[in-house]
Colleague: 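Here it is, the structure, as structure tokens.
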Amino acid sequence: RETLLSGDIIIKQAEHVIDHYKRIEIARSFVMGAAMNMKRVLGYYGIENGISDILMDLESSDSITEVMNVEARIRLDYYGAVDSILPEGFRIGKRTRRPPENMTNAMISFGNSLLYSTVISELYNTQLNPTISYLHEPFERRYSLALDLSEIFKPTIIDRMIISLIKKRAIKTGDFEHGMNQCLLNEAGKRKFLAEYDRRLGKTVKHRELGRKVSYRRLIRLEAYKLIKHLI
């Protein structure tokens with residue numbers, strides 16, 4: 001995993017964290033990318049939303065805390081909009097993580113953890129150090145750059161997949177196990193979810209800049225390359 005690491009790129013990564021204005025610019029870009037993909041997901045289903053109005057506060061956000069606050073407000077509006085098309089038993093309601101308290105929260109948490117692992121794998125194929133991040137705080141023993149990049153792809157890879165699984169009734173209440181204030185996918189549910197996740201990663205879309213089709217997995221690495229280009 002360290003064979004591609006570049007001292008020059010690591011120094012550039014660190015410079016863009018230490019310089020407040022450079023870090024804010026990148027952090028805002030991650031939130032903007034995530035928000036635009038949320039709008040695409042909602043637009044696909046014809047759902048009205050207030051994301052554009054909330055995004056107007058992003059440019060004036062002058063700290064990471066303020067940027068994260070805008071992101072949290074966008075996600076709150078987004079999940080509320082998604083709930084409008086989900087059947088009652090599968091509505092998100094309040095986003096809960098540790099532990100997830102209902103079926104869709106369980107799928108979101110499981111899906112996000114899969115995406116996080118995929119992004120780490122793609123970062124290992126670049127010169128980027130996955131511990132140096134911009135939107136999320138860099139901490140010991142955490143690949144926080146993978147958290148940054150994951151934000152962009154959660155709506156189009158994980159959320160679209162979950163909505164599709166629910167609406168097609170490919171995943172059912174019997175695919176979950178319930179405990180004390182928690183809900184998790186059971187083994188059968190995990191197998192269904194993983195199979196669909198692998199299929200979706202291999203799905204291809206037209207890349208506007210390259211002018212050819214690329215897989216969702218490849219899109220993740222291309223996004224990492226774009227960050228490298230920005231850093232240098």
Colleague: Is it the case that one hydrophobic cluster holds both Tyr116 and Leu184, taking links as side-chain heavy atoms less than 4.5 Å apart, direct or via other members?
Modeller: no
Colleague: Given Ile51, which partner from the list Met36, Arg73, Met38 fulfils the side-chain contact (heavy atoms from CB on, under 4.5 Å) test?
Modeller: Met38
Colleague: Between Val214 and Leu227, is there shared hydrophobic-cluster membership here, with clusters defined by ILVMFWY side-chain heavy atoms closer than 4.5 Å?
Modeller: yes
Colleague: Any side-chain heavy-atom pair from Ile132 and His16 closer than 4.5 angstrom?
Modeller: no
Colleague: Looking only at side-chain N and O atoms, does Ser215 offer a donor or acceptor that is under 3.5 Å from a partner on Lys203?
Modeller: no
Colleague: Applying side chain to side chain contact (heavy atoms under 4.5 Å, CB included) to Leu55 and Ile74, what does each step give before you reach the verdict?
Modeller: CA-CA 8 Å; Leu55 269 177; Ile74 289 170; 3.7 Å; yes
Colleague: Would you call Phe193 and Ile162 a side-chain contact if the rule is heavy atoms closer than 4.5 Å?
Modeller: yes
Colleague: Side-chain contact test, heavy atoms from C-beta onward, threshold under 4.5 Å: evaluate it for Asn105 versus Ile92 and give yes or no.
Modeller: yes
Colleague: Tell me, do His20 and Asp62 make a side-chain contact under 4.5 Å, heavy atoms counted?
Modeller: yes
Colleague: I need the Thr126 OG1 to Ile220 CD1 distance, nearest 0.5 Å.
Modeller: 12.0 Å
Colleague: Strictly by salt bridge (Lys or Arg N to Asp or Glu O under 4.0 Å), give each pair with a member in residues 8-22 just once, sequence neighbours left out.
Modeller: none
Colleague: Do other residues, nucleotides or ligands put more than 12 heavy atoms under 6.0 Å from the OH atom of Tyr44?
Modeller: no
Colleague: Tell me which donor-acceptor pairs under 3.5 Å the side chains of residues 144-161 have, and how far apart each pair is, sequence neighbours excluded?
Modeller:
| unit_1 | atom_1 | unit_2 | atom_2 | d |
| --- | --- | --- | --- | --- |
| Ser144 | OG | Thr131 | O | 3.4 |
| Ser144 | OG | Ser133 | OG | 2.7 |
| Asp148 | OD1 | Leu135 | N | 3.4 |
| Asp148 | OD1 | His136 | N | 2.9 |
| Asp148 | OD1 | His136 | ND1 | 2.7 |
| Asp148 | OD2 | Tyr134 | N | 2.7 |
| Asp148 | OD2 | Leu135 | N | 3.1 |
| Ser150 | OG | Ala146 | O | 2.6 |
| Glu151 | OE1 | Arg75 | NH2 | 3.0 |
| Glu151 | OE2 | Lys154 | NZ | 3.1 |
| Asp159 | OD2 | Tyr78 | OH | 2.8 |

Colleague: Under a 3.5 Å threshold, yes or no: a donor from one side chain and an acceptor from the other, between Thr204 and Tyr216?
Modeller: no
Colleague: Between Leu222 and Ile232, is there a shared hydrophobic cluster once you connect ILVMFWY residues whose side-chain heavy atoms come closer than 4.5 Å?
Modeller: yes
Colleague: Taking the side chain as C-beta and beyond, is there a heavy-atom pair between Glu59 and Arg28 under 4.5 Å?
Modeller: yes
Colleague: Counting C-beta onward and ignoring hydrogens, is there a side-chain heavy-atom pair between Tyr197 and Phe110 closer than 4.5 Å?
Modeller: no
Colleague: Without hydrogens or angle criteria, can the side chains of Ser109 and Arg95 be said to hold a donor-acceptor pair below 3.5 Å?
Modeller: yes
Colleague: Would you give the length of the straight line joining atom CG of Asn49 to atom CG of Asp77, rounded to the nearest 0.5 angstrom?
Modeller: 6.0 Å
Colleague: Under the 3.5 angstrom rule, does the side chain of Asp83 hit a backbone N or O of Arg91 as a donor-acceptor pair?
Modeller: no
Colleague: Does some side-chain heavy atom of Leu128 sit less than 4.5 Å from a side-chain heavy atom of Leu231?
Modeller: yes
Colleague: Is a side-chain N or O of Glu196 found less than 3.5 angstrom from the main chain of Leu165, in a donor-acceptor match?
Modeller: no
Colleague: Is it true that Ile163 and Leu76 fall in one hydrophobic cluster, defined by side-chain heavy atoms closer than 4.5 Å?
Modeller: no
Colleague: Just list the side-chain donor-acceptor pairs under 3.5 Å for residues 171-182, sequence neighbours left out, or say none.
Modeller:
| unit_1 | atom_1 | unit_2 | atom_2 | d |
| --- | --- | --- | --- | --- |
| Asp175 | OD1 | Lys192 | NZ | 3.2 |
| Asp175 | OD2 | Lys172 | N | 2.8 |
| Asp175 | OD2 | Lys192 | NZ | 3.0 |

Colleague: Is a donor on one side and an acceptor on the other found under 3.5 Å between the side chain of Ser84 and the backbone of Gly80?
Modeller: no
Colleague: Transitively linked via ILVMFWY side-chain contacts under 4.5 Å: Ile11 with Ile26?
Modeller: no
Colleague: With a 4.5 Å cut-off on side-chain heavy atoms, are Met107 and Ile166 touching?
Modeller: yes
